[in-house]
*Asks:* 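Here it is: the structure, laid out below.
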Amino acid sequence: METISVHDAIRHIEVYIKLQNYRFNDSIRLTLNISPEIEHYPMLKLLLQPIVENAVRHGVTMNENGGDIIIRSVKTENG
């Protein structure tokens with residue numbers, strides 16, 4: 001399985017949301033709270049994208065006022 005850094009995965013999500021906001025008149029608000037210490041960690045390439053796509057398709061765009069997508073990551077003592 002192909003991996004990318006957390007940093008790169010987040011950049012892909014930012015671009016995806018930017019494109020969707022062109023389509024949905026800036027109705028999607030993306031909030032990112034990513035611990036800098038984990039940005040270099042590897043993750044599966046397409047792990048986050050489908051989750052965000054589902055949030056847009058089945059959540060945010062179903063509400064006439066748009067909505068928020070919040071992505072947060074922290075490093076715990078165990079990992």
*Asks:* Any link between Met1 and Ile51 through a network of hydrophobic side chains (Ile, Leu, Val, Met, Phe, Trp, Tyr) touching at under 4.5 Å?
*Replies:* no
*Asks:* Give a yes or no answer on whether the side chain of Asn25 reaches the backbone of Ser27 with a donor-acceptor pair at less than 3.5 Å.
*Replies:* no
*Asks:* With the side chain counted from C-beta on, respond yes when His7 and Tyr41 share a heavy-atom pair under 4.5 Å apart, and no when they do not.
*Replies:* no
*Asks:* Mind checking whether Thr31 and Ile71 have side chains closer than 4.5 Å, heavy atoms only?
*Replies:* no
*Asks:* In residues 12-20, what donor-acceptor pairs under 3.5 Å come from side-chain atoms, sequence neighbours left out?
*Replies:*
| from | atom 1 | to | atom 2 | distance (Å) |
| --- | --- | --- | --- | --- |
| Glu14 | OE1 | Arg11 | NE | 2.7 |
| Glu14 | OE1 | Arg11 | NH2 | 3.4 |

*Asks:* For Gly67 and Val60, which heavy atoms make the closest approach, and how far apart are they?
*Replies:* N-CG1, 3.4 Å
*Asks:* Working to the nearest 0.5 Å, report the span between CE of Met43 and CD1 of Ile4.
*Replies:* 6.5 Å
*Asks:* Side-chain heavy atoms nearer than 4.5 Å, only ILVMFWY residues, links allowed to pass through others: does that put Leu46 and Val52 together?
*Replies:* no
*Asks:* Only pairs at least two apart or in different chains count here, so list each salt bridge (Lys or Arg N to Asp or Glu O under 4.0 Å) that has a residue in residues 26-51.
*Replies:* Glu2-Lys45, Arg29-Asp68
*Asks:* State the CD1-OG distance between Ile10 and Ser73, to the nearest 0.5 angstrom.
*Replies:* 6.5 Å
*Asks:* How many angstroms lie between CG in Leu48 and CD in Glu53, if you round to the nearest 0.5 Å?
*Replies:* 10.0 Å
*Asks:* Taking atom CG of Leu47 and atom OG1 of Thr3, what is their separation to the nearest 0.5 Å?
*Replies:* 11.5 Å
*Asks:* Within the distance-only criterion (no hydrogens, no angle test), does the side chain of Ser35 pair as donor or acceptor with the backbone N or O of Ile38 below 3.5 angstrom?
*Replies:* no
